[in-house]
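Just below is one structure, and these are the notes that go with it.
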Amino acid sequence: MTTAPSEALKLYGTEQEAPAARTLSAGALTASLDAGKLRWIRYGGTEALRGLAFVVRGSGWETYAPQIANLEIEEGEGGFRVGYDARIESPDGVLAYRADIVADDERRLVFTVEFEPETAFRTSRTGFVALHPVEGVAGEPCAITHGDGTVEETRFPGLIMPLQPFFDISAMRHRVAPGVWLTCRFEGADPWETEDQRNWTDASYKTYYRPLALPYPYPLAAGERLRQVATLTFEGSAQPAAAGAGEDDAIAIAVGGGTGTQMPEIGLGVANLERAHLGHGLDLLEALGPGHLVCECDPRDEHAAEALAAGRGLAEALGAGVVLEITVPCERPVLDELAAVAEIAAQAGLKPDAIVPEQARLLKFTLEKIPALGIPDFDEVYAAARAAFPGVRLGGGVFTNFTELNRNVAEPALFDFLTHATCAVVHEPDDRSVMETLQTLPDIVASAKAWAGGKPYRIAPSAIGMRFNPYGPDVHRNADNGRYSFNRQDPRHRALLGAAFTLGYAARVAPLGIEALAFGQPSGALGMVYRRTGDPQPWFDDLAGPAVPPLYHIVSALAAAKGAAVRAVTSGDATRVLGLAYESGGGTLLWLANLTPETQAVTVSGLSGSGATVGRLDSSNFVDAASDPAGFAASRGEPGDPSRLALAPFAVARIETGG
């Protein structure tokens, strides 16, 4: 008999303990100390910085977590002090540093780091990083002090900026709240610059060390002593923090009228590496009902025809269309390369409904435009693709993140729809940061639609985990089932957090009018159906029968809702609870997702129609949802009053009213 999963496995998919954060206070200034970093720095109750940290990234841009020792924390009336020693042992070398954080009063915080590599150390970035929140900051004015002392008056970008908005920074000043301003000052060997982290789905602007125009990775010499200082200074009078919600105060969810948009078609990604497993859990995938599959084809892959034949077989079994992502090597005339792909597809018996060609070089991170890269431009590649696949819809865009789309994008006249994917673990992989990526999705949709020029917009297979890694050799393995950046197999995908994240994703983008939205893959690391992989999946690996992660039920419901009229939903606190509503069977279906590890009380208004049924997906029925998916899906819930509900940690509620 299988042992019942622990609460941690239900919520997070892993029993790895998340670092405990501690809130520090200096009058109106508060901050959370989390694994040596300062997170959610607030002044007068308003978020001033999302984070301030000394970050060490490896030669492949992986973020190294330091081993912290000798942690000392002193808190007194009106101030606090923190000191610790840190050490990083990595394939890139060994580096040790001393960190000291001092806030003697609410007006000033100083974060000092002195570091010394014990061996030669290769790094793509070692230095302070400040994260500026997006909400209340986007489009607002700021002043940049450059290395020569000159001051530039400018603004944070509204639409997501493809390249850095600010360069050569020694200090930055911007408004935190009415009458309150924050100045961030940096001291180090090289200047800082700012990038728009919304490109990577992070809900922040990032001011980082050092300029990307300098070579990377770069060496730090053994024994070289270095020092950096970040100073935060607040001006103005902080208003008293608004009273927090009491235990009985509920988040107000209001269902409004129609948005004029429809629920998108739901798809799945089909990786070439999964070709031998596409028949796994076929009955469950049929019940899930995806409208399309996104298949891959690289003509340099000797298994390309085999993989496409497997993808075609799955698509036929599911009655789904196929979108074919084509890697264009650009090693010989692209007309010949695209003709070769058409031949591979013909060998596999595949007639795609749509194609998305992308130059191979654009699959990897670059700051350069296509002319500087010396590869064929979009007009040449797309013309060759249309010649090879006449009459087939052609998608412009990328297989990877919005980042890569934003750097190099075709003119709308060249494509029939625009597409890209997202990933939630490019930078900070902690639970809260993963959920915060949902805040950025409306900005990504708005920015992508600005590029699309009125053409339809589709989101390619997206998940918490990473499908492709544009920033290093490959995605990472997850041998110890932890929370890490660049992982394909993220434990939260199998947990209630993953279900809440998936519903939250749809809630953020469906009202904005997108043609299609794809999630994960059929089985495996990003799968809708559990399958044993080379990395551990606790509890699931011990099951004797078929199983699914809880998000299976969310994706299945979304797939069934294709074309339904979307209704507006507002949340009193969208960082804690999100809602998605659409018309169904003459009534309304309202979904709610608790994005937090705490129980949340909600009130619901705006639902009309006859008696409601309320269904839940939470810790109490996790086992049934995962191990008896058909039985769980058959239950629509119980009659109930939806006007006031309590949502358990990372729970999803399904509320249906009749006509």
Side-chain angles (χ1 to χ4, degrees), residues 11-12 17-55 65-66 68-86 99-113 128-137 176-177 180 182 184 202-204 230-234 237-247 249 251 427-436 439 483 497 573-577 594-600 649-650:
L11 296 178
Y12 307 108
E17 289 190 20
R22 175 170 172 175
T23 300
L24 305 171
S25 300
L29 171 62
T30 63
S32 293
L33 180 66
D34 178 5
K37 301 173 286 190
L38 292 179
R39 306 288 297 275
W40 306 290
I41 301 170
R42 297 178 179 273
Y43 193 74
T46 300
E47 186 177 21
L49 282 183
R50 183 139 289 181
L52 178 64
F54 185 78
V55 174
I68 292 177
N70 304 320
L71 175 63
E72 298 178 348
I73 302 175
E74 298 178 13
E75 288 189 271
E77 187 173 345
F80 61 82
R81 291 173 176 260
V82 177
Y84 62 86
D85 296 316
D100 291 285
I101 305 169
V102 178
D104 284 334
D105 59 54
E106 65 182 28
R107 296 286 186 179
R108 191 167 183 266
L109 182 148
V110 181
F111 196 154
T112 304
V113 170
F128 275 112
V129 169
L131 304 181
H132 313 270
V134 172
E135 294 183 359
V137 174
V176 171
V180 180
L182 166 65
C184 305
D202 296 74
S204 60
T231 303
L232 308 184
T233 305
F234 292 92
S237 299
Q239 300 299 314
E247 289 185 3
D249 291 343
I251 298 169
H427 291 120
E428 296 290 347
D430 63 275
D431 302 326
R432 184 165 171 177
S433 293
V434 164
M435 283 301 193
E436 285 175 346
Q439 298 175 21
R483 302 169 174 88
L497 189 154
D573 188 343
T575 67
R576 292 190 286 162
V577 177
N594 180 358
L595 309 181
T596 77
E598 294 86 29
T599 297
Q600 301 293 343
F650 300 121

### Message
What verdict does the side chain to side chain contact (heavy atoms under 4.5 Å, CB included) test give for Gln439 and Thr575, after you've listed the backbone C-alpha separation in whole Å, the side-chain angles of each residue and the deciding distance to 0.1 Å?
### Response
CA-CA 8 Å; Gln439 298 175 21; Thr575 67; 3.7 Å; yes
Mind listing the closest non-hydrogen atom pair of [X] and [Y] along with its distance?
{"X": "Glu47", "Y": "Pro133", "value": "OE1-CB, 3.7 Å"}
{"X": "Glu106", "Y": "Phe234", "value": "O-CD1, 3.8 Å"}
{"X": "Ala26", "Y": "Gly79", "value": "CB-CA, 3.7 Å"}
{"X": "Tyr12", "Y": "Pro597", "value": "OH-CB, 3.4 Å"}

Counting C-beta onward and ignoring hydrogens, is there a side-chain heavy-atom pair between [X] and [Y] closer than 4.5 Å?
{"X": "Thr231", "Y": "Arg108", "value": "yes"}
{"X": "Asp104", "Y": "Arg81", "value": "yes"}
{"X": "Thr30", "Y": "Leu24", "value": "no"}
{"X": "Thr596", "Y": "Val577", "value": "no"}
{"X": "Gln600", "Y": "Asp573", "value": "no"}

### Task
Go through Cys184 and His132 one step at a time and tell me if the side chain to side chain contact (heavy atoms under 4.5 Å, CB included) criterion holds.
CA-CA 10 Å; Cys184 305; His132 313 270; 4.3 Å; yes
### Task
Step by step, work out the side chain to side chain donor-acceptor pair (under 3.5 Å) result for Ser433 and Arg50.
CA-CA 10 Å; Ser433 293; Arg50 183 139 289 181; over 6 Å; no
### Query
Can you check whether Val176's main-chain N or O pairs, donor with acceptor, with Tyr43's side chain at less than 3.5 Å?
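No; judged by distance alone, with no hydrogens or angles, the pair does not exist.
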### Query
Can any side-chain N or O of Asp431 pair as donor or acceptor with the backbone N or O of Val434 at less than 3.5 Å?
no
### Message
Measuring from atom OG1 of Thr46 to atom CD1 of Ile41, what distance do you get when rounded to the nearest 0.5 angstrom?
### Response
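Rounded to the nearest 0.5 Å, the OG1-CD1 separation comes to 14.0 Å.
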### Task
Quick one: sort the Phe111 and Phe128 rings into parallel, tilted or perpendicular, breaks at 30° and 60°.
perpendicular
### Task
Answer yes or no: are there more than 12 heavy-atom neighbours, outside Arg107 itself, under 6.0 Å from its atom CZ?
yes
### Message
Assess the residue pair Glu436 and Glu428 against the criterion (side chain to side chain contact (heavy atoms under 4.5 Å, CB included)); give the C-alpha distance rounded to whole Å, side-chain angles, the decisive distance to 0.1 Å, and a yes or no.
### Response
CA-CA 10 Å; Glu436 285 175 346; Glu428 296 290 347; over 6 Å; no
### Task
Begin with the C-alpha distance, continue with both residues' side-chain angles, and end with the deciding distance and a verdict on side chain to side chain contact (heavy atoms under 4.5 Å, CB included) for Leu29 and Leu232.
CA-CA 11 Å; Leu29 171 62; Leu232 308 184; 5.9 Å; no
